[in-house]
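A quick write-up on the structure given underneath.
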Amino acid sequence: MTKPPLLGDEVAIGRLRWRCRRGMLELDLLFVDFVAHALEQLGEAELIALNSLLDLPDQQLWKLVSVSDEGMDDASKQVLAKLRGESTQ
């Protein structure tokens, strides 16, 4: 597992941006838009959750994004909702 990113740590955010590049085309396209529009607005807990989600294999991550996020913690659910383009409270 990689070190969680920290707010204000531009090197860590850059690494996180790089990790958003995926091998599965569908995920890669999704993350291109997400990184461009939502990454800078994530809080510390969401950045840590995103970092953990990026540790998952593409097929497992795609299933969470496209089908179900049951069993995930609240921060991960918020990140997944943002990836889907859903508004979050």
Side-chain angles (χ1 to χ4, degrees):
M1 184 185 313
T2 59
K3 180 182 171 189
L6 301 172
L7 287 176
D9 184 347
E10 293 304 317
V11 173
I13 296 297
R15 283 191 198 111
L16 188 60
R17 285 180 189 275
W18 182 254
R19 293 189 68 218
C20 284
R21 296 176 52 123
R22 306 303 291 190
M24 178 187 276
L25 178 61
E26 292 86 347
L27 283 174
D28 202 35
L29 293 173
L30 181 68
F31 275 105
V32 165
D33 187 56
F34 180 76
V35 166
H37 297 101
L39 185 63
E40 297 295 325
Q41 298 165 10
L42 297 181
E44 184 78 18
E46 291 172 318
L47 288 171
I48 292 169
L50 175 60
N51 200 49
S52 294
L53 288 169
L54 292 172
D55 286 337
L56 299 173
D58 281 356
Q59 294 295 332
Q60 190 175 352
L61 181 55
W62 179 248
K63 182 178 178 183
L64 288 171
V65 170
S66 64
V67 180
S68 173
D69 58 15
E70 289 183 34
M72 302 300 297
D73 60 84
D74 288 340
S76 294
K77 286 181 180 182
Q78 288 176 343
V79 172
L80 290 167
K82 288 179 182 182
L83 278 165
R84 293 183 198 112
E86 299 169 359
S87 62
T88 57
Q89 308 296 11

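Residue numbers count from 1 along this sequence.
Qualifying side-chain contact (heavy atoms from CB on, under 4.5 Å) partners for Val11, counting only residues two or more places apart in sequence or in other chains: Asp9, Arg15. Applying the side chain to side chain donor-acceptor pair (under 3.5 Å) rule to Glu40 yields the partners Arg17; only residues at least two apart in sequence or on another chain are considered. Asp33 is linked by a side-chain contact (heavy atoms from CB on, under 4.5 Å) to His37, counting only residues two or more places apart in sequence or in another chain. Take Asp28 and apply the salt bridge (charged side-chain N to carboxylate O under 4.0 Å, His left out) test, not counting sequence neighbours, and it matches no residue.
As a member of the Ile/Leu/Val/Met/Phe/Trp/Tyr network built from side-chain separations under 4.5 Å, Leu29 groups with Leu25.
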>> One pair to check against side chain to side chain contact (heavy atoms under 4.5 Å, CB included): Lys82 and Gln41. What are the steps and the verdict?
In response: CA-CA 11 Å; Lys82 288 179 182 182; Gln41 298 165 10; 5.7 Å; no

>> Walk me through whether Phe31 and Leu50 qualify under side chain to side chain contact (heavy atoms under 4.5 Å, CB included).
In response: CA-CA 11 Å; Phe31 275 105; Leu50 175 60; 3.9 Å; yes

> Going through the checks in order, is the side chain to side chain contact (heavy atoms under 4.5 Å, CB included) test met by Arg21 and Val35?
Replying inline: CA-CA 10 Å; Arg21 296 176 52 123; Val35 166; over 6 Å; no

>> Pair Val65, Glu26 - check side chain to side chain contact (heavy atoms under 4.5 Å, CB included), show working.
In response: CA-CA 10 Å; Val65 170; Glu26 292 86 347; over 6 Å; no

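Residue pairs meeting the salt bridge (charged side-chain N to carboxylate O under 4.0 Å, His left out) criterion with at least one partner in residues 57-66, sequence neighbours excluded, are Arg22-Asp58.
Checking side-chain atoms of Arg84 against main-chain N and O of Ser66 turns up no donor-acceptor pair under 3.5 Å.
In this structure the side chain of Leu39 reaches within 4.5 angstrom of the side chain of Leu47, judged on heavy atoms.
Of all the heavy atoms in Ala45 and Ala75, the pair that sits closest is O-CB, 3.7 Å. The shortest non-hydrogen separation linking Cys20 to Leu54 is SG-CD1, 3.9 Å.
The CG atom of Leu53 sits 7.0 Å away from the CG atom of Leu64 when rounded to the nearest 0.5 Å. The line from CG of Asn51 to CG of Leu42 is 11.5 Å long, rounded to the nearest 0.5 Å.
No continuous path of ILVMFWY side-chain contacts below 4.5 Å connects Met24 to Val32, so the two sit in separate hydrophobic clusters. Transitive grouping of hydrophobic side chains (ILVMFWY, heavy atoms separated by less than 4.5 Å) brings Leu83 and Leu56 into a common cluster.
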